[in-house]
Amino acid sequence: MIFRQLFDSVSGTYTYLLASRRGGEALIIDPVLEKVDRYIQLVDELDLKLVKAVDTHLHADHITGLGALRDRTQCVTVMGERSKVDVVSMRLSEGDKLTIEGVALDVLYTPGHTDDSYSFLMRDRVFTGDTLLIRGTGRTDFQNGDARAQYDSIFNKLLRLPDETMIFPAHDYKGETVSTVGEEKAFNPRLQVKSVDEYVELMNNLKLPNPKMMDVAVPANMRVGLAQAEIARRGWAMSATEVMGLNGAPDMILVDLRERAEREKHGVIAGSLHAPYTDLAANVRPGGMLNELARATGKRMIFYCAFGERSAMAVRAAQDAGLASARHIEGGIDAWKKAGGALVH
Ligand SMILES: [Fe+2]
């Protein structure tokens, strides 16, 4: 297991890099824009392949590294389904699993600090974002924060984990690096309350100044989506309605880039081929499965995913590999559903 806790001293943010082995796939949690060079260097030094970048919530105190990491490594960006971010490649909800090769994290919806706060549980440790901090809790006075919801997230979800579960938060301002559920239950001053009302009273009277970066960070973090317009300008995009109009024409192959769990949860477009995004590079290069299929059949390949990000990156890779007829469905399954497209389970 590879586990690294990285620190941005400007915003006091902890970023976590996880992988099951050297040479394997890696996942990064809460990356900071200014540190992206360092993350990429470390990923290279450890011989890892960054496949997912995740934010626990929409941050107000720093600009996320999600967009920059996606643009430089073609990784998948991930946030919770409640996030107001414009576009990420994948959205998760309570009960889903966040997976890479050899690592599976349980997704917990833990609102309160913001209404889009999620925690990720990996066996002996939990990444709590700003929901539960070391000897503190995340403020609840902006971004639809709600002290009552936070009490519920902390007391009824996080503190119900085994006492020895390690807590890795998104921030610390005093140099603490890790705690445990048992330790926080006993020593976190904010948690020594007798009722939810007492907690709400405490949180509503903190009188904290707004984060310095807030006016810059929040709007920036809401626009991390890949510029799909550039793909459309090149003529590589099709709208969901256009593809529906083709009505399964024999000269096209629909390629679903999503993961198995996403297909099972949301359904698939009938007759499509499953070729997960993780294997894309190998599949589109000469000799790869999709490349061979396109050349052997002369059919045009139409990629799709959840929101159009992975498919936009796929169509670019396919074009680079010489598959000039490759297209993608702009906006993905989300757009397909909104346009009234049928899905099969
Ligand atoms: Fe936060």
Side-chain angles (χ1 to χ4, degrees), residues 5-16 28-36 53-69 77-86 88 91-92 98 105 107-121 126-154 157-158 167-179 184 188 190-191 199-200 202-204 206-224:
Q5 183 179 38
L6 301 149
F7 188 56
D8 172 50
S9 57
V10 178
S11 60
T13 304
Y14 283 128
T15 300
Y16 301 94
I28 198 163
I29 300 176
D30 287 330
V32 175
L33 178 63
E34 287 78 5
K35 298 283 171 187
V36 161
V54 189
D55 267 353
T56 50
H57 62 290
L58 199 119
H59 296 283
D61 62 330
H62 67 269
I63 298 179
T64 176
L66 252 59
L69 285 168
T77 55
V78 186
M79 285 188 80
E81 64 171 355
R82 301 291 185 99
S83 175
K84 288 180 187 66
V85 65
D86 58 349
V88 280
R91 287 179 183 263
L92 298 172
L98 169 61
L105 283 71
V107 180
L108 306 173
Y109 178 47
T110 51
H113 168 59
T114 63
D115 60 355
D116 74 336
S117 289
Y118 290 76
S119 298
F120 300 99
L121 173 66
V126 60
F127 303 96
T128 55
D130 291 352
T131 302
L132 179 56
L133 305 175
I134 299 172
R135 307 298 192 265
T137 58
R139 60 193 297 176
T140 54
D141 55 339
F142 57 69
Q143 288 183 290
N144 298 316
D146 179 340
R148 204 165 282 275
Q150 191 179 49
Y151 179 93
D152 186 55
S153 296
I154 294 173
K157 282 188 184 164
L158 298 174
I167 290 175
F168 287 102
H171 289 289
D172 193 86
Y173 309 99
K174 299 188 293 275
E176 304 281 351
T177 53
V178 61
S179 182
E184 290 310 306
N188 188 321
R190 297 238 179 115
L191 306 184
Y199 185 73
V200 171
L202 172 73
M203 293 306 288
N204 290 349
L206 294 176
K207 300 191 174 65
L208 300 167
N210 279 347
K212 286 193 280 297
M213 284 282 285
M214 186 166 162
D215 295 339
V216 176
V218 171
N221 290 339
M222 284 175 80
R223 287 192 307 267
V224 303

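Ligands are counted one by one from 1 in listed order, and the atoms in each one are counted from 1 as well.
- Side-chain atoms of V224 and D55, non-hydrogen and from C-beta on, never get closer than 4.5 Å to each other.
- Here the side chains of D146 and D115 are not in contact, with every heavy-atom distance at 4.5 Å or above.
- The aromatic rings of Y16 and F127 sit tilted relative to each other, their planes meeting at an angle between 30° and 60°.
- The number of protein N/O/S atoms found under 2.8 Å from the Fe ion (ligand 1) is 3.
- A heavy-atom distance below 4.5 Å is not found between the side chains of D172 and T177.
- Inter-residue side-chain proximity for T15 and K35 is flagged as unmet; no heavy-atom pair is nearer than 4.5 Å.
- The salt bridge (Lys or Arg N to Asp or Glu O under 4.0 Å) search around K212 returns none, not counting sequence neighbours.
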